[in-house]
Amino acid sequence: MKLLVTGGAGFIGANYVQHVLATYPDDEIVTFDLLTYAGNLANLEPVLDNPRHRFVRGDIADRAAVTAALGDGVDAIVNFAAESHVDRSIADAGVFLTTNVVGTQVLLDAARAHGVGRFLQVSTDEVYGSLGPTGAFSEETPLAPNSPYAASKAAADLLVRAAHHTHGVPALITRCSNNYGPYQFPEKLIPLFVTNALADQPLPLYGDGRQVRDWIHVEDHCRGVDLVLRQGRVGEVYNLGGGNERENLEVAKLILDTLGKPRSLIRHVSDRLGHDRRYAIDARKIERELGWTPRREFARGLDDTIEWYRAHRAWWEAVKSGAYRDYYERTYGQRLVGAAGVEGDRT
Ligand code: NAD
Ligand code: TDX
């Protein structure tokens, strides 16, 4: 199979490209990525010299660039390209619409024009909104996105649905919970806290820190995306989750304990606007239809991930310089001034 993987220089995309090239000896991949702040060719370093892989820099919202990248055609498009960070969407939603919404429509149009055999849209559980203390999102849960990021992803999902319904584009959608693992940009909770802890910097925990996320190792997500791409029923949505709900405070403590750093590094800072309280995924559909279940156990997966960041200090130190410093100051500077530590945990 020949694949166009968009956003393949980002966290999940880079893991996916490496997974496919290692798993299918005959598959070829064109990675198409704009290399925004989140894209990094170093994430593809292990496959850059692979003759079955080609990298093209380009914008998914640029029709001419997408058409050129499709060349003589591909069998499938897997769309990971997105603006992916909720906090950035709260500060400025504009680019989320261009990339996540317009970009997805451009890819759908190109898929139709080129007769691409499969189109997989990588979506998120955040399109379903927020849960109370019980229950889980199924594929039938109504869309109720709460952040500009989630709204842009929900809009993209609806455009994918419409392209399938109206034009018969052979499209599929996956909606996954929170990923963690190697190559994740250190703006997201786990890599931010791991790298801050490694540098003895404070860990900014939003609000009471009791929000719940369902953590899944990126390898399990990539395996699920690939299974849906090759064996899923077109026009369908498949949820993927880790079956592993944790409060943010618990994750922060686990990271510090694993690294042997004091819990006093945790700082309660002002909450994220519109912060979703809890996500949980009902993944029974993909289990039943495609036999997928997550394999990586959280404690072990988190240990391995922490070890990866410890061993790749040069990777994250480079990423955390330059524009990242301005982002960090804008997002956390004022919030960290006078922020409280975690009561009873001043060890
Ligand atoms: P990421 O921010 O690490 O990577 C995004 C990649 O897309 C980067 O390489 C970036 O350069 C590229 N990109 C951005 N705008 C582009 C454009 N206009 N044209 C081409 N490339 C562009 O994101 P991620 O965490 O790897 O997420 C990948 C996908 O998975 C996203 O669609 C996201 O919504 C979805 N998702 C993420 C998670 C998660 O926990 N991280 C969970 C569920 C779904
Ligand atoms: O500094 C922080 N402090 C903090 O308490 C950050 C960055 C996050 N948090 C909290 C907010 C969330 O409750 O941690 C939780 C996880 O936050 P993020 O890593 O920003 O992820 P989330 O907002 O849950 O969204 C993620 O999962 C779904 C990804 O970023 C999305 O791309 C994906 O679609």
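Numbering starts at 1 and runs along the sequence shown. Just follow the structure's listing: the first ligand is 1, and inside any ligand the first atom is 1.
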Original post:
Which atoms of ligand 1 have any heavy atom of Ser123 under 4.0 Å away?
Top reply: 43 (C), 44 (C)

Original post:
Given that the side chain starts at C-beta and the backbone is N, CA, C, O, which of these parts of Ile190 lies under 4.0 Å from ligand 2, counting heavy atoms, or is it both or neither?
Top reply: neither

Original post:
Does any N or O atom in Asp276 lie less than 3.5 angstrom from one in ligand 2, N or O only?
Top reply: no

Original post:
Nearest protein heavy-atom contact for atom 10 (C) of ligand 2: which residue, which atom, what distance?
Top reply: Asn248 ND2, 3.4 Å

Subject >> Cation-pi, Tyr37 ring and Arg88 (6.0 angstrom, 45 degrees) >> reply: yes

Subject >> Close-contact set for ligand 2 against Arg213 heavy atoms, below 4.0 Å >> reply: 12 (C), 13 (O), 24 (O)

Original post:
Measuring from the heavy atoms of Phe80, does anything fall under 4.0 Å of ligand 1?
Top reply: yes

Original post:
Polar-atom distance check: Asn79 versus ligand 1, any N or O pair below 3.5 Å?
Top reply: no

**OP:** Report the part of Val86 in contact with ligand 2, treating N, CA, C, O as backbone and CB onward as side chain, heavy atoms under 4.0 Å; options are side chain, backbone, both, neither.
**Re:** side chain

Subject >> N/O separation below 3.5 Å, Asn178 to ligand 2 >> reply: yes

Original post:
Which protein heavy atom lies closest to atom 28 (C) of ligand 2, and at what distance to 0.1 Å?
Top reply: Glu126 OE2, 2.9 Å

**OP:** Using distance alone, decide if ligand 2 has a nitrogen or oxygen within less than 3.5 Å of any nitrogen or oxygen in Tyr279.
**Re:** no

Original post:
When you measure from atom 1 (O) of ligand 2 to every protein heavy atom, which one gives the shortest distance, and what is it?
Top reply: Tyr332 OH, 2.7 Å

**OP:** Within a distance under 4.0 Å of any heavy atom of Lys153, pick out the atoms of ligand 1 and give their elements.
**Re:** 31 (C), 32 (O), 33 (C), 34 (O)

Original post:
Taking both backbone and side-chain atoms of His275, is any N or O found less than 3.5 Å from an N or O belonging to ligand 2?
Top reply: yes

**OP:** Return yes or no for this condition: an N or O of Asn40 is under 3.5 Å from an N or O of ligand 1.
**Re:** no

Original post:
Should the proximity of Ser177 to ligand 1, defined as any heavy atom under 4.0 Å, be assigned to the side chain, the backbone, both, or neither?
Top reply: backbone

Original post:
Is the closest side-chain donor-acceptor distance between Thr6 and Asn79 under 3.5 Å?
Top reply: yes

**OP:** State if Thr6 counts as touching ligand 1 under the rule of any non-hydrogen atom under 4.0 Å.
**Re:** no

Subject >> Closest protein heavy atom (residue, atom, distance) for atom 5 (O) of ligand 2 >> reply: Tyr206 N, 2.8 Å

Original post:
By number and element, which atoms of ligand 2 are closer than 4.0 Å to a non-hydrogen atom of Ser84?
Top reply: 30 (O), 31 (C), 32 (O)

Original post:
Distance only, no hydrogens: is a donor on one side chain within 3.5 Å (strictly under) of an acceptor on the other, for Asn196 and Lys320?
Top reply: yes

Original post:
Which one of Lys153, Arg272, His268, Glu187 has a non-hydrogen atom at the shortest distance from atom 18 (P) of ligand 2?
Top reply: Arg272

Subject >> For Val95 against Glu83, the heavy-atom pair lying closest together >> reply: CG1-CG, 3.7 Å

Subject >> Cation-pi, Tyr24 ring and Arg230 (6.0 angstrom, 45 degrees) >> reply: yes

Original post:
Should the pair Lys285 and Tyr238 be classed as cation-pi, given the thresholds of under 6.0 Å to the six-membered ring centre and 45° from the axis?
Top reply: yes

**OP:** Would you kindly specify which portion of Phe185 sits under 4.0 Å from ligand 1, judged on non-hydrogen atoms: side chain, backbone, both or neither?
**Re:** neither

Original post:
Which bit of Lys188 is near ligand 2, meaning a heavy atom under 4.0 Å away: side chain, backbone, both or neither?
Top reply: both

Subject >> Under 4.0 Å to a heavy atom of Leu205 - the qualifying atoms of ligand 2, by number >> reply: 5 (O)

